[in-house]
Structures are given as C-alpha cells and as structure tokens.
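Below is one structure; the comments refer to it alone.
A, B, ... follow the sequence lines: proteins, then strands. Residue 1 opens every chain. Remember, it's a predicted structure, so these values are computed and weren't measured experimentally.
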2 protein chains.
Amino acid sequence: MKLQLQIKMNEDLFLRNPEQTELGKNIIKHSIQLIEKDGFEAFTFKKLAEDIGTTEAGIYRYFENKHRLLLYIIAWYWSWLEYQISFQTNNVTDPVVKLKKVIKLLATTVQDDAKTSHVNESLLHQIIISEGSKAYLTKQVGEDNKHQFFKPYKDLCAVIGDIILECSPKYKYPRSLATTIIEMAHFQNFFMNNLPSLTDFGKNKEETEVVAFLNDLVFSSIKKV
Amino acid sequence: MKLQLQIKMNEDLFLRNPEQTELGKNIIKHSIQLIEKDGFEAFTFKKLAEDIGTTEAGIYRYFENKHRLLLYIIAWYWSWLEYQISFQTNNVTDPVVKLKKVIKLLATTVQDDAKTSHVNESLLHQIIISEGSKAYLTKQVGEDNKHQFFKPYKDLCAVIGDIILECSPKYKYPRSLATTIIEMAHFQNFFMNNLPSLTDFGKNKEETEVVAFLNDLVFSSIKKV
DNA sequence: TATTTATGATAGTAATACTATCTTTTAAAA
DNA sequence: TTTTAAAAGATAGTATTACTATCATAAATA
C-alpha cells in the first residue's frame with residue numbers, strides 16, 4: 001500500500017501553490033535542506049535558486065519572501081504533527097497515555113515520513129527547533145496572525161490543551177501548559193546540544209531525558225503521576 | 001544618595017567600550033529604543049547612526065555588527081537582572097519566598113532603574129521578550145558560546161537552579177526548570193499580547209496571571225505549594 | 001605644545017531583497 | 001492538431017544592507 005499525504009495549506013502563504021508543480025516541490029525540498037544547513041539568516045532565494053538549478057525570479061513566483069516560505073514550512077510541520085498525533089493516539093482511551101505520546105512525539109527525533117516525498121520531516125524537525133520561534137517573534141506577528149498563518153500551531157495547542165483537560169478537568173492553564181510543552185520540547189533540545197549547562201542533560205545528551213523532564217513537569221502540574 | 005551602577009561586560013562583545021564615551025552610551029541608549037520600536041530585523045546601523053546624529057562608520061568602531069550589539073544589550077540585561085535578584089532576595093531565608101520573587105521579577109514589567117542613566121530597563125525587558133532567543137538561535141551559537149557571550153544567562157540560570165535546589169534538594173531538573181521559568185516568563189507574555197489563544201490569559205492580559213501560572217508550574221514540580 | 005585618541009565626512013564594494021520584461025518551453029483546451 | 005494559456009528561463013536593473021577604507025578635524029592627555 002503506497003499512500004500519499006497532502007496537507008491543505010493556507011493560500012495566503014504562497015503566490016503559486018508549491019505542491020502543484022515540480023519546481024514548487026523542489027522549492028520546498030531544497031529550502032528545508034538549505035535552512036537546516038545554513039540557518040534562516042544565511043538562507044537566500046539566490047542560494048536556493050542555485051541549489052535547485054533555477055533562477056531567483058522563479059522562486060519569487062511561488063513565495064513573496066523568505067519569511068513567508070519559513071511560515072509555510074513551519075505551518076506544514078505543525079499540521080503534519082497534528083495528524084501524527086491524531087493517528088498515534090487514535091483508539092487510546094487513557095488521556096494520560098495520550099499525553100505521554102504527545103510529549104514523546106514532540107521531544108524526540110521524528111522519522112522521515114514516506115507519505116510525503118518532497119518533505120524530509122527529520123530535517124524539518126531540526127528547523128522547528130532552531131528557527132521555529134522566528135516565525136512569530138517579529139513585528140509583523142499581528143499582520144501574520146490576521147492571515148491565520150499560525151492556525152496550525154494554535155490548533156495543535158488546542159488539541160494538546162484538550163488532552164490536558166481530559167487528564168485533569170479542573171486544571172487552570174491547559175493552553176499555557178500546552179505551549180510550554182511544545183516550546184520546551186524544542187528549547188531543552190537546543191540547549192542540550194548547544195548550551196548544555198542550561199539543562200540537566202549535558203552529560204548524556206539524550207532526548208529521552210528531555211521527555212522525562214517534560215513528563216515530570218506536566219504530570220506534577222496536573223496532579224496525575 | 002545617588003548611585004551609579006556599572007556592569008562589567010565581556011570585552012569580546014565590543015571593539016571599543018561603549019560605557020566609556022558619550023557616543024558609546026548613545027549607541028546603547030538609541031539601539032535599545034530602535035530595536036524595541038522596529039524589531040531586530042529592521043534595525044540597521046545606518047538608522048541607528050541617523051538617530052544618534054553620527055555616521056554608520058562611527059557605530060562600527062564600537063560594535064562589529066548588529067548581532068554583537070544585540071548580544072551586548074541582552075547580556076547586560078541578564079547581568080542587571082541577576083543583580084536585581086541578589087538585591088531583592090538578600091536577607092530572605094525562605095527559598096520558596098526567594099523563588100517566588102524571582103518569578104515575579106522575571107514575569108512582570110521592570111521599572112526603569114535610575115542607577116543606569118543610559119539604559120531603559122523597561123524597553124530592554126520588551127526586547128528580551130521579543131528578541132531574546134535570537135541571541136542564541138543562530139548557527140554561530142557555538143562560536144559565540146566559546147567567547148562566553150552567554151555567561152550572564154548561564155549564571156542567572158545557575159542562581160535560579162540553586163534556589164530550586166534549596167527548595168527541594170532532590171529535584172532532578174533544577175537547570176532545565178530554571179530555563180523553563182525564564183523562557184516561559186517571556187513567551188507566555190509574548191503570546192498573551194500577540195497570539196492570546198496560545199495562552200489562558202487572553203481575556204485579562206494580566207502579567208499577574210503569567211506569574212500565577214509559573215508559580216503553579218514550578219511549585220507543583222518541586223512539590224512545595 | 002605635541003601627540004594620541006575619538007569622531008566626522010565621504011566614498012566605495014559585495015551581497016541582499018526584491019521588480020520588471022521578454023523569450024522559450026510545456027501542457028491543456030479547442 | 002493547432003491554439004493558447006500557463007509556467008519556467010534568461011537577463012537586467014534598483015534600493016538597501018552590511019560592511020571597509022581613507023582622510024580630515026576636534027578633543028583630551030602627556
């Protein structure tokens with residue numbers, strides 16, 4: 001059985017839908033590689049064009065600028081992750097088990113998903129760790145929010161918030177705890193690998209320790225250990 | 001009594017010490033204003049020079065580039081905050097009270113400190129919220145770390161970690177909890193004001209609610225409520 | 001008063017972030 | 001099968017950014 005997974009993206013994110021052409025898919029594929037390799041600051045449409053073997057102007061037909069492209073791939077990731085979560089927690093009745101699965105999915109290396117040929121989820125996960133918050137830490141955050149560019153992130157936050165409430169209906173901060181889990185899954189990973197003295201995982205550098213920390217944090221807070 | 005507070009900064013951060021000249025102090029003062037107003041991406045040395053009434057080349061005599069300048073003001077903030085913490089928790093014996101003070105200091109608007117004439121701490125706090133993580137979320141993080149540019153942040157993290165251990169000597173993740181407090185104090189604030197559905201504080205937009213959330217999170221985790 | 005040090009003024013360069021235009025190729029509709 | 005429309009390629013051009021270099025002048029210090 002060979003499945004193809006298509007994620008419907010917000011149309012304001014692009015000028016021309018990159019899913020629908022070869023060049024478009026190449027833009028996504030190579031921008032993920034380039035951003036992961038050089039970082040978002042050093043990433044330019046010119047380098048991307050050279051990488052693909054097309055011209056700068058060609059890229060501009062798909063994306064208004066590199067920030068929109070970043071928003072696109074990040075939104076894509078959150079949508080894909082929400083799908084992963086709904087898939088992997090399907091038929092799980094115990095919300096505690098569900099929440100633990102969510103934490104694990106957020107905080108451990110993702111496998112490349114064969115259902116999405118032009119997206120390398122594993123690289124994308126690294127981008128989320130290092131560049132994810134740059135999507136919204138800008139002066140245009142309000143404008144971008146009006147365009148609903150952060151909807152996939154918000155949806156994910158709502159999903160996790162609901163699972164938290166299932167675990168503990170009276171817990172007062174389900175959304176904030178959800179964003180704390182998401183952000184800390186990535187920040188603790190980044191710190192562990194780059195500024196280890198900011199964490200307690202410097203010795204082993206094991207993702208499982210980040211998971212253990214988050215589990216402890218979350219289940220202490222919602223009083224279900 | 002009129003005091004002046006001087007913070008000793010890492011000398012690799014600048015080419016010429018901005019504390020020692022009028023122009024230098026103006027660079028610090030105006031860059032804080034400009035970065036707060038336009039955001040770090042839109043901030044350029046040319047605009048800064050125009051703002052001050054000097055030339056671009058003049059700024060370059062003090063800072064190699066705008067990233068170093070950002071690192072400078074951020075490092076300055078963390079040093080100043082560590083001083084604030086040591087001052088405000090001095091003579092407090094109960095570590096729980098201490099930790100609560102720390103959380104409050106991190107998560108609520110800071111007052112402009114009269115002891116530092118050319119630094120507006122209140123604006124700087126806003127910069128930390130919106131731009132703080134851009135200091136280390138780069139590909140040069142390793143290089144910058146070798147220069148010890150993140151030492152003030154690490155020191156603060158260690159101080160908070162120690163207070164956590166005072167509260168609960170057997171707690172396993174004092175450093176990671178410290179960074180979680182620091183980062184979430186800022187992220188929850190940013191989300192509350194810009195993407196409120198990511199938090200539970202959207203209605204009132206009160207910093208005190210962020211404080212309450214963090215207190216709940218922290219003291220549940222270390223089992224002292 | 002000599003001399004170092006800081007600043008000002010100006011110029012110049014490579015790269016970035018685009019926009020515009022025109023031609024060729026490809027693919028779909030008539 | 002031809003027509004025609006959409007996509008891609010090729011090329012050029014602009015304003016801004018992120019610097020570096022040079023030379024003159026003002027201020028502080030020895």
Between B:Phe201 and B:Phe213, what is the ring plane arrangement, given parallel below 30°, perpendicular above 60°, and tilted in between?
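Ring orientation of B:Phe201 relative to B:Phe213: tilted.
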May I ask you to decide if the ring planes of A:Phe63 and A:Tyr72 are parallel, tilted or perpendicular, using 30° and 60° as cut-offs?
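It falls in the perpendicular class, over 60°.
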Pull out every residue in [range] that has a heavy atom closer than 4.0 Å to any atom of DNA chain C, ordered by number, or say none.
range: residues 9-30 of chain A; result: none
range: residues 33-44 of chain B; result: none
range: residues 45-55 of chain A; result: none

Using the salt bridge (charged side-chain N to carboxylate O under 4.0 Å, His left out) criterion, which residues pair with [X]? Sequence neighbours excluded.
X: A:Glu207; result: none
X: B:Lys139; result: none
X: A:Lys151; result: A:Asp155
X: A:Lys205; result: none

Letter by letter from the 5' end, nucleotides 22-30 of chain D scores (B base, S sugar-phosphate only, - none; protein heavy atoms under 4.0 Å) B--------
Can you list everything that forms a side chain to side chain contact (heavy atoms under 4.5 Å, CB included) with B:Thr208? Sequence neighbours excluded, please.
B:Glu206
Would the A:Phe191 and B:Tyr136 ring centres measure less than 6.0 Å apart?
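Yes; B:Tyr136 has its ring centre under 6.0 Å from that of A:Phe191.
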Less than 3.5 Å apart, which donor and acceptor atoms pair up between the side chains of residues 27-38 of chain A and the rest of the protein, not counting sequence neighbours?
| unit_1 | atom_1 | unit_2 | atom_2 | d |
| --- | --- | --- | --- | --- |
| A:His30 | ND1 | A:Asn26 | O | 3.0 |
| A:Ser31 | OG | A:Ile27 | O | 2.7 |
| A:Ser31 | OG | A:Ile28 | O | 3.0 |

Can you establish whether the number of heavy atoms outside A:Lys25 located under 6.0 Å from its atom NZ is more than 12?
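Above 12, so yes.
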Where do A:Lys146 and A:Glu143 land on the salt bridge (Lys or Arg N to Asp or Glu O under 4.0 Å) test, with the steps shown first?
CA-CA 5 Å; A:Lys146 276 185 202 152; A:Glu143 275 304 303; 3.3 Å; yes
Segment of DNA chain C, first to last nucleotide, that comes within the 4.0 Å heavy-atom reach of chain A:
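Nucleotide range with atoms under 4.0 Å of chain A: C:dT16 to C:dT21.
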Do the side-chain N and O atoms of B:Gln188 and B:Thr199 include a donor-acceptor pair separated by under 3.5 angstrom?
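There is no such pair between these side chains.
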Quick one: salt bridge (Lys or Arg N to Asp or Glu O under 4.0 Å) pairs with a partner in residues 112-136 of chain A, sequence neighbours left out?
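The answer is A:Glu41-A:Lys134, A:Asp113-A:Lys115, A:Glu131-A:Lys134.
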Can you tell which of A:Tyr77, A:Trp78, A:Trp76 makes a ring-ring contact (aromatic ring centres under 6.0 Å, His included) with A:Tyr153?
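One option only clears the test, and that one is A:Trp78.
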Write down the distance between OH (A:Tyr60) and C1' (D:dA10), rounded to a whole number of angstrom.
17 Å
Euclidean distance, B:Ile182 CD1 relative to B:Ile103 CD1, rounded to 0.5 Å
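So the CD1 of B:Ile103 and the CD1 of B:Ile182 are separated by 11.0 Å.
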Looking across every strand, which nucleic acid part, if any, lies under 4.0 Å from A:Tyr62 by heavy atom: base, sugar-phosphate, or nothing?
sugar-phosphate
